[in-house]
Amino acid sequence: AKEEGRDQFCFYEAHLTEKAREKLFLETELRAAIKQGGLSINFQPQFDLANGRLVGSEVLARWRHPDRGMIEPTKFIAIAEESGLIVPLGEWVLREACIQAELWRRAGLGPHRIAVNVSGLQLERDDFVAAVARILAETGLPSDWLELEVTETYMMRQPEKSVRVLEGLRGLGLALALDDFGTGQSSLSYLKRLPVQTLKIDRSFITDLPFGENEVAITRAIVALGHSLRLQVLAEGVETPAQADFLRGLGCDRGQGYLYSRPVDAATFENILRKTTVY
Ligand code: C2E
Ligand code: CA
Ligand code: CA
Ligand code: CA
């Protein structure tokens, strides 16, 4: 039994080392990809549930490794968060998204707002508001074409500071959305103080609509809460017509999910924009 114990220990150690080595490898490769143009962005359309109009898109980072192919975003975003690489990565995504949106705007495609994810680590930097202002100025994108998605978890870690940063961003004229709403634990009084315009209901609640009793109750409550605070409510992860009908019935403002479209590359998204732009 003793022998066995030692074997297991060795196995565990080797496993850990391999895991650590793999992480270090991916971190090194990710750093190079950010510098050398190895990343790209996808766009997932967002629709007004009441009239079916395209109103915006969420920008999602993609990484295709030369040998390993596409790396799962949750995987490389986690590595980027742990290593701090999320700061240059997030800035690259934001600039790239603004450049692309400005091209569409000049081509008369729109109006349409791009929603870019922002990590808590980016918001914590003292120069974040200035960095966003610079990117808007350099790319020429009007600030009302941009929405930033921030998560509840970060807000709760540094409530006072985050209110100040969000107010600085609002001062630039852009829109703010609270992402993955419902999974954190923000209090109502705090939510009232946050200068956000949109609540994004987390996909985990939408998946079980319209049959999961708890999910129905929670979604109904979030929509009511949002509207009572005069916020827009967006549901992510809408996959079925039944979910869309249910959300429309609740008065949920916007929807995003595989029912409408998966995240697509810029060229494919441009085709969607051309088809839906009203001249
Ligand atoms: P998120 O912000 O919650 O983004 C939505 C995720 O749900 C995306 O996953 C999207 O592809 C997926 N999704 C959208 N509609 C559906 C649906 O109908 N069904 C299902 N099953 N999934 C759907 P993705 O692209 O894998 O991204 C995962 C996460 O990685 C994002 O979650 C976000 O937290 C993070 N992420 C991606 N790009 C960036 C970025 O540029 N910066 C930061 N900070 N985070 C990013
Ligand atoms: Ca998001
Ligand atoms: Ca989300
Ligand atoms: Ca989510």
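As the structure lists them, so they are numbered: ligands from 1, and atoms in each ligand from 1.
For ligand 1, the atoms lying closer than 4.0 Å to a non-hydrogen atom of Gln44 are 14 (C), 15 (N). Those atoms of ligand 1 that come under 4.0 Å of a heavy atom in Asp180, given as number and element, are 3 (O). Each of the following atoms of ligand 1 lies closer than 4.0 Å to a heavy atom of Glu239: 17 (C), 18 (O), 19 (N), 20 (C), 21 (N). Atom numbering of ligand 1 starts at 1 in the shown order; those under 4.0 Å from a heavy atom of Ile86 are 44 (N).
Residue contacts with ligand 1: Gln256 is excluded, as none of its non-hydrogen atoms falls under 4.0 Å.
Put simply, the angle at the Ca ion (ligand 2) from OE2 in Glu58 to OD1 in Asn117 is close to 90°, to the nearest 10°.
With a 4.0 Å cut-off on non-hydrogen atoms, Asp179 touches ligand 1 through its side chain and not its backbone. In Ala61, the parts holding a heavy atom less than 4.0 Å from any atom of ligand 1 are both the side chain and the backbone. The side chain of Glu236, and not its backbone, has at least one atom closer than 4.0 Å to an atom of ligand 1 (non-hydrogen atoms only; side chain from C-beta on). At a heavy-atom cutoff of 4.0 Å, ligand 1 is contacted by no atom of Gln243, backbone or side chain. With a 4.0 Å heavy-atom cut-off, ligand 1 is reached by the backbone of Asn117 and by its side chain too. Contact annotation: for Glu58 versus ligand 1, heavy atoms closer than 4.0 Å belong to the side chain alone.
Between the side chain of Gln256 and the backbone N or O of Ser57 there is no donor-acceptor pair closer than 3.5 Å.
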Check step by step if side chain to side chain contact (heavy atoms under 4.5 Å, CB included) holds for Phe128 and Leu169. CA-CA 9 Å; Phe128 184 66; Leu169 291 169; 3.9 Å; yes

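In summary, the aromatic rings of Phe76 and His65 are positioned with their centroids too far apart to meet the 6.0 Å limit.
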